[in-house]
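Naming convention: chains lettered A, B, ... in sequence-line order (proteins, then strands); numbering from 1 in each chain.
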Number of protein chains: 2
Amino acid sequence: MNNDEESIEKLRKMVLEMYTALKMGEVPEISLPSRNKDNIVLDPKYSIWRYGENITTRSARSIDGAEYILKVLSVVEFIMEMIGENKSSTLREMYYISEGWGNGKFHTQDESNLLAEDLEIVSKLLREDFHLRPEENGASIIGNITVEEKSRKGDFKTINCKDDVGDGGYPIPYNVEKEKLRLKSADADFILAIETGGMFDRLVENGFDERMRSVLVHLKGQPARSTRRILKRMNEELGLPVYVFTDGDPWSFRIFGSIAYGAIKTAHISHHLAVPTAGFIGVTASDILNYDLPTDKLTDKDVDALKAELNDPRFNSETWKEEIETMLQINKKAEQQALAKYGLNYVTDTYLPEKLSEGGAI
Amino acid sequence: MNNDEESIEKLRKMVLEMYTALKMGEVPEISLPSRNKDNIVLDPKYSIWRYGENITTRSARSIDGAEYILKVLSVVEFIMEMIGENKSSTLREMYYISEGWGNGKFHTQDESNLLAEDLEIVSKLLREDFHLRPEENGASIIGNITVEEKSRKGDFKTINCKDDVGDGGYPIPYNVEKEKLRLKSADADFILAIETGGMFDRLVENGFDERMRSVLVHLKGQPARSTRRILKRMNEELGLPVYVFTDGDPWSFRIFGSIAYGAIKTAHISHHLAVPTAGFIGVTASDILNYDLPTDKLTDKDVDALKAELNDPRFNSETWKEEIETMLQINKKAEQQALAKYGLNYVTDTYLPEKLSEGGAI
């Protein structure tokens, strides 16, 4: 049974259960873990975020609940059609397509996006299995790793992310699951995941991937699911450790948190996305002091975010607490490109070798 | 003389003039066309935007002017160094590097970005000649066109943008000038430039590039210089007409305007970037009515932008005036993905064939 057939089977079973309930005179309902901040726990065994014990139940007894279930069923029907025709759609397209679903029509795209995630939890499938994708990604990879990507026509193209691409690198497709993308081999010692395009391009120009035998991954800010998933797969299947290099501010710390431990919205698939062994290279508050970097003052929002991180289980370690408190104390943040203060080679000749050797990478 | 040597020569000449002026006891100054909205004219001959007759002069007689000239010279020195070492830098890196330039230090990145553009005007060179690049691009191409991209190591890689890439396409590099990127051949009838990633992916999935013999270019919102430049080059060198497909709102009309006629900030290089023969496919206000699309209400900002476009020489045609007035009257805008209301194939099976045939493309 291939992946699509399995998805159809699981969805059909889910719908059948509801149909049977109705036939037996029962009111259909859907139960899900509460998907808010209060119901997130750090899984002690795997060191990733997952949902806690709180459950929300939507029952067709209320009009809201009945509409919710109608929407779920409309989405399931749409997904089964797409799988049948071998099509996919963006979340935005699904929102517009729901125009024709009567009372099952979505009122905002947030609503349809959330429902797609709910459906992942209920069906134990992935958004990729649903043939649903986000707007765009734009993240890319450069390094000596060879992949096979399934083309629109169904054949696999072999692409080496160093030799077969231009300076823009290999763009990460929206679906990086095995049926779409195979990781064949890598000749590298570690992965460096980089927040900004400017810094990614700097490391590419300076040949950091070749000199330091690394695979460079551009995160493009808060990384998309596909980017986190491919990091996870490269880590597990190719045995490459992951290091994260971001700006030095609370939002970048969260980028690291989501890569290493997972994010609230996707806590049901943290085991699928998170790389708990990922290391944070910087920019840290200590780096701002030690490397005397150009800085900006923290905004009120920055301060609030840092304070929230002090209570975030993902940052519940001595090192993180010290770094966050230092940042609050000096009241400063810095961008990764601020290292250019010392010239264009400083980051690859001095900063990264120092930080990676501290982190045990080299 | 290669491109870099020419750039060095031109910059050296510029500096020499200032040096000579100083030696002769004259106060050095820099004169530029005023770079604001009031000094933009539509060139009657080429139908592109250019700067008018108003000139601003910065003289070292004032402290502001002297600091400006110091900054220009510091940037020139930095550029010459980069060319000598075959390096490039992002505009953001240059801003940080200026930390070491004393009174020549930039206070904001806007300041350094503007100065880089000023320097293009004064030197008659391009930002690409300066080895300066923007943060990131992320726009991409899919279609039967073959390019040769110069790698970091100086050799040229041949890439067919249909056969040699994954579904993410060929990412447009920041420098698409001839010394970096050669356009070898294309087997296609026209170029379709698409605003959003969701719609680009839709056309790719539906095989629109093959069925309609077209090259698909993802604009990624307001297109970067490199995207506009590669459209221009494909249009001129490969003889492919350009059609633009965007959302239906005033900001998307501006995207079309900048592709066809140029933009205020880059009016000094409109002849280098603009494709005055580009056609606008939609989404138009008439489309909203004719295709009965899902819409949103115009915001106050949308209304202001539409009114400004009524006085914009780039939209000074009967058709545009009618479309803009219709949009104001119905008080509605629509996204290109709203066509999904009629299913995932509607845009490629019905809408685009109808609109392209109206536009004379097919």
Can you tell me which portion of [X] sits under 4.5 Å from chain B's heavy atoms? Options are side chain, backbone, both or neither.
{"X": "A:E81", "answer": "neither"}
{"X": "A:S98", "answer": "neither"}
{"X": "A:F78", "answer": "side chain"}
{"X": "A:N345", "answer": "side chain"}
{"X": "A:Q336", "answer": "neither"}
{"X": "A:M82", "answer": "side chain"}
{"X": "A:Q337", "answer": "both"}

Would you indicate whether [X], at its atom [atom1], is surrounded by more than 12 heavy atoms from other residues, nucleotides or ligands within a distance under 6.0 Å?
{"X": "A:D163", "atom1": "CG", "answer": "yes"}
{"X": "B:K355", "atom1": "NZ", "answer": "yes"}
{"X": "B:Q109", "atom1": "CD", "answer": "yes"}
{"X": "B:K162", "atom1": "NZ", "answer": "yes"}

Picking from [options], which has the most non-hydrogen pairs under 4.5 angstrom with chain B?
{"options": "A:G207, A:S88, A:G168, A:P171", "value": "A:S88"}
{"options": "A:L181, A:L293, A:N206, A:L339", "value": "A:N206"}
{"options": "A:R202, A:K341, A:E85", "value": "A:R202"}

Problem set entry | Options B:A338, B:G343, B:G169, ranked by heavy-atom pairs under 4.5 Å with chain A, top entry | B:A338

Exercise. Side chain, backbone, both or neither: which part of B:E99 has a heavy atom under 4.5 Å from chain A?
Worked result: side chain

Problem set entry | Per-residue contact mode, B:V204 against chain A (heavy atom under 4.5 angstrom) | both

Exercise. With sequence neighbours left out, what residues match A:D296 under side chain to side chain contact (heavy atoms under 4.5 Å, CB included)?
Worked result: A:K333

For this session: Apply side chain to side chain contact (heavy atoms under 4.5 Å, CB included) to A:R92 and B:T196, showing your working.
Result: CA-CA 11 Å; A:R92 188 103 192 119; B:T196 66; over 6 Å; no

For this session: Give me the contact list for residues 148-160 of chain B versus chain A, heavy atoms only, anything under 4.5 Å, ordered by residue number.
Result: B:E149, B:K150, B:S151, B:R152, B:K153, B:K157, B:I159

Problem set entry | Rounded distance [0.5 Å steps], CD1 in B:I97 versus CG in A:L344 | 4.0 Å

Problem set entry | Nearest non-hydrogen partners of A:A340 and B:Y96, listed with the distance | CB-CB, 4.1 Å

Exercise. Taking C-beta and beyond as the side chain, do A:M199 and B:T90 meet within less than 4.5 Å on heavy atoms?
Worked result: no

Exercise. Do B:R133 and A:E205 have side chains that get closer than 4.5 Å, going by heavy atoms?
Worked result: yes

